[in-house]
Enquirer: 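The structure follows.
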Protein chains: 2
Amino acid sequence: MEYNAKQLQIIEVAEQLFAQKGFAGTSVRDIAQEADVNVSMISYYFGSKEKLIEALFQLRMNQSRSRLETLLMDEDLVPMQKINILIDSVIDRLMGNQCFHNIMLREQLSSERTPIISEYILSLKLRNMELMQRLINEGQDAGVFRKNIDMGLMSTTLYGTINYAIATQDFYKKINNLESMSEEDFQRYLKRKLSQHLKSLFKSTVTNEHRIES
Amino acid sequence: MEYNAKQLQIIEVAEQLFAQKGFAGTSVRDIAQEADVNVSMISYYFGSKEKLIEALFQLRMNQSRSRLETLLMDEDLVPMQKINILIDSVIDRLMGNQCFHNIMLREQLSSERTPIISEYILSLKLRNMELMQRLINEGQDAGVFRKNIDMGLMSTTLYGTINYAIATQDFYKKINNLESMSEEDFQRYLKRKLSQHLKSLFKSTVTNEHRIES
DNA sequence: ACAAAAATCAAACGTTTGTTTGATTTAATT
DNA sequence: AATTAAATCAAACAAACGTTTGATTTTTGT
């Protein structure tokens, strides 16, 4: 499905409002006003409010598809480098689409979601999981990664940390006295911090290092 | 404020429904029906739907207060043991109040929350942060913890991982073929896994260990 | 320039929303 | 037992909701 400028405008405004106030907390009149279109245009273009959020999911899912997966083919990188690239790419994806991932997290918190959106989320998570599994396997086959790694919990820490960092970024700003920083600078700063933090976390957990208690 | 049995029943039903469908997605008629009371009882007892969720927050916040903080006084525990007790206590708190923490996470995802609830959440987060900071400082003073630890990101990983694990527990069940397990057993299992995972994660990140790359 | 299609609009539709009312029943107090 | 207070209810309230209608304007294709 392709969308014209007006349709994209509606979808993008809806994305922002859903992220701010939730799906149920946002009225079609809110969206119409903010997108500067008549209320009836939403039903006209998308059929219903429900189908609008499905269109949003379809749009964002398709455009996140398989950009990164080529890195796996690169034989010149050692396993830990690939893991690090994966971490940075997840950070970039989540930080660069905060509204959409806010909505996706909300949907995962709900027990009564539409089957269509559930399906989108499930297939995305499976895709991410398989990619990560392959990277881990490469490291294990090369003998540099531990054998007993809980994929599920590792990816939970990866996505959980980034999602929660984004959700509580104002708090992070406050306790670190970063409120004078410009918004752009802070986003860059948080990205860098998250990258360092998660890379060091993953390195310790995933590699076959020998430890000497101090 | 003390609540009678009926009021508590309303609050608890509201808590479940808010967690399932969100605050805006839950109607007072939903709550009244599920709690088996007349619709008007909600306004009668609490004043409004908004004040009902505030009552829920007030109730749950007060009962989570300062139970754990005595562990800090115990001089017989080494710093890493205290950290591990903290981790387990956060896991127990979040896993044991999944509905409420689901709601709290939703509120943190919203940019338009009521000042009262924002205040509750902020003070709780500050309290948790201070406790964690004291434990870290003890370890640093004893020379067993690293000096440059980003408190904000450590607690983000702690809460982010647990919250996300709870939000996606069905997925975790599915990819690990745990769907035949009873619900109780699974909750115990997930708790244990999270505990091991986070303790090992924190140990690697926080302690002054000497590493030898393999 | 004309006809067909697409886009836009104000208005209205029927529901559902949170809340209030006022009468009635139940419980507590004296 | 009488009186006051608390609890409960069906019904009504206005406002907001998602959606549809039908007329009107704008764009497109010929």
Side-chain angles (χ1 to χ4, degrees), chain A residues 1-59 103 106-107 110-117, chain B residues 1-59 103 106-107 110-117:
Chain A
M1 182 58 89
E2 287 182 12
Y3 300 108
N4 63 39
K6 216 113 206 178
Q7 287 170 310
L8 281 175
Q9 190 186 354
I10 293 172
I11 291 179
E12 279 160 17
V13 165
E15 183 178 42
Q16 287 184 291
L17 294 180
F18 290 161
Q20 282 169 28
K21 323 198 284 180
F23 177 74
T26 304
S27 73
V28 293
R29 283 174 176 82
D30 286 340
I31 301 168
Q33 183 164 12
E34 198 70 23
D36 205 38
V37 298
N38 189 275
V39 216
S40 60
M41 297 307 289
I42 287 158
S43 297
Y44 177 72
Y45 276 134
F46 300 98
S48 68
K49 185 188 173 189
E50 188 62 49
K51 293 214 184 111
L52 170 58
I53 196 178
E54 289 171 10
L56 165 63
F57 266 81
Q58 190 215 49
L59 180 72
I103 296 168
R106 282 180 194 268
E107 288 295 321
S110 285
S111 31
E112 56 149 37
R113 17 186 161 136
T114 147
I116 294 173
I117 288 179
Chain B
M1 181 58 90
E2 287 182 11
Y3 300 108
N4 63 38
K6 216 114 206 178
Q7 287 171 310
L8 281 174
Q9 191 186 354
I10 293 172
I11 291 179
E12 280 160 17
V13 165
E15 184 178 42
Q16 285 184 293
L17 294 181
F18 290 161
Q20 282 169 29
K21 322 198 284 179
F23 177 75
T26 305
S27 73
V28 292
R29 282 175 178 81
D30 288 339
I31 300 168
Q33 182 164 13
E34 198 71 24
D36 204 39
V37 298
N38 190 276
V39 217
S40 59
M41 297 307 289
I42 286 158
S43 297
Y44 177 72
Y45 276 134
F46 300 97
S48 70
K49 185 188 173 189
E50 188 62 49
K51 293 215 184 110
L52 169 59
I53 196 179
E54 289 171 10
L56 166 64
F57 266 82
Q58 190 215 49
L59 180 73
I103 297 168
R106 282 181 194 267
E107 288 295 322
S110 286
S111 31
E112 57 148 38
R113 20 189 158 133
T114 147
I116 294 172
I117 288 178

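Because the structure is a prediction, the values reported are computed rather than measured. Heavy atoms only: backbone and side chains are in, while hydrogens, waters and symmetry mates are out.
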Enquirer: For dT17(C), does either OP1 or OP2 sit under 4.0 Å from a side-chain N or O belonging to Ser27(B)?
Expert: yes
Enquirer: Please report, rounded to the nearest Å, how far the P atom of dA16(D) is from the NZ atom of Lys21(A).
Expert: 13 Å
Enquirer: Once you round to the nearest 0.5 Å, how far does CG of Leu17(A) lie from CD of Gln33(A)?
Expert: 10.0 Å
Enquirer: Can you find a heavy atom in the side chain of Ile10(A) that is under 4.5 Å from one in the side chain of Gln7(A)?
Expert: no
Enquirer: Could you list the donor-acceptor pairs under 3.5 angstrom formed by side chains in residues 36-44 of chain B, with sequence neighbours left out?
Expert:
| unit_1 | atom_1 | unit_2 | atom_2 | d |
| --- | --- | --- | --- | --- |
| Asn38(B) | OD1 | Ser40(B) | N | 3.0 |
| Asn38(B) | OD1 | Ser40(B) | OG | 2.8 |

Enquirer: Let me know the distance between CZ of Arg29(A) and P of dC13(C), rounded to the nearest Å.
Expert: 14 Å
Enquirer: Taking all heavy atoms of Lys21(A) and all of Arg106(A), pick out the closest pair and write down the distance.
Expert: N-NH2, 4.2 Å
Enquirer: Could you tell me the separation between the CD atom of Glu54(B) and the OG1 atom of Thr114(B), rounded to the nearest 0.5 Å?
Expert: 4.5 Å
Enquirer: I need the residues from residues 41-58 of chain B with at least one non-hydrogen atom less than 4.0 Å from DNA chain D; give them sorted by number, or say none.
Expert: Met41(B), Tyr44(B), Tyr45(B)
Enquirer: For DNA chain C, what string of dots and brackets results from 5' to 3' when Watson-Crick and G-U pairs need both distances under 3.5 Å, crossing pairs get [ ], and pairs with another strand get |?
Expert: .|.||||||||||||||||||||||||.||
Enquirer: What does Asp36(A) touch in the nucleic acid at a heavy-atom separation under 4.0 angstrom: a base, only the sugar-phosphate, or nothing?
Expert: nothing
Enquirer: Counting any heavy atom closer than 4.0 Å, what does Asp30(B) reach on the DNA or RNA strands: base, sugar-phosphate only, or nothing?
Expert: nothing
Enquirer: Choose from dT20(D), dC17(D), dT19(C) the nucleotide whose nearest atom is closest to any side-chain atom of Ser40(A).
Expert: dT20(D)
Enquirer: Applying the side chain to side chain contact (heavy atoms under 4.5 Å, CB included) test to Phe57(A), which of Leu52(A), Ile116(A), Ile103(A) qualifies?
Expert: Ile103(A)
Enquirer: With rounding to the nearest 0.5 Å, note down the distance linking CD1 in Ile11(A) to OH in Tyr3(A).
Expert: 5.0 Å
Enquirer: In whole angstroms, how far is the C1' atom of dA6(C) from the CD atom of Gln7(A)?
Expert: 11 Å
Enquirer: Identify whether NZ of Lys or CZ of Arg in Lys49(A) sits under 6.0 Å from the centre of the six-membered ring of Phe23(A) and within 45° of that ring's axis.
Expert: yes
Enquirer: Return the value, rounded to whole Å, for the distance between atom CZ of Phe18(A) and atom C1' of dG18(D).
Expert: 12 Å
Enquirer: Could you check whether any side-chain N or O of Gln20(A) sits under 3.5 Å from a backbone N or O of Ser111(B), counting only pairs where one atom can act as donor and the other as acceptor?
Expert: no
Enquirer: According to a strict under-4.0 Å criterion, is Lys6(B) in side-chain N/O contact with OP1 or OP2 of dA6(D)?
Expert: no
Enquirer: Among dT19(D), dT19(C), dA10(C), which is the nearest nucleotide to the side chain of Asn38(A)?
Expert: dA10(C)
Enquirer: Nearest whole Å is fine: how far is dA7(D) P from Tyr3(B) OH?
Expert: 14 Å
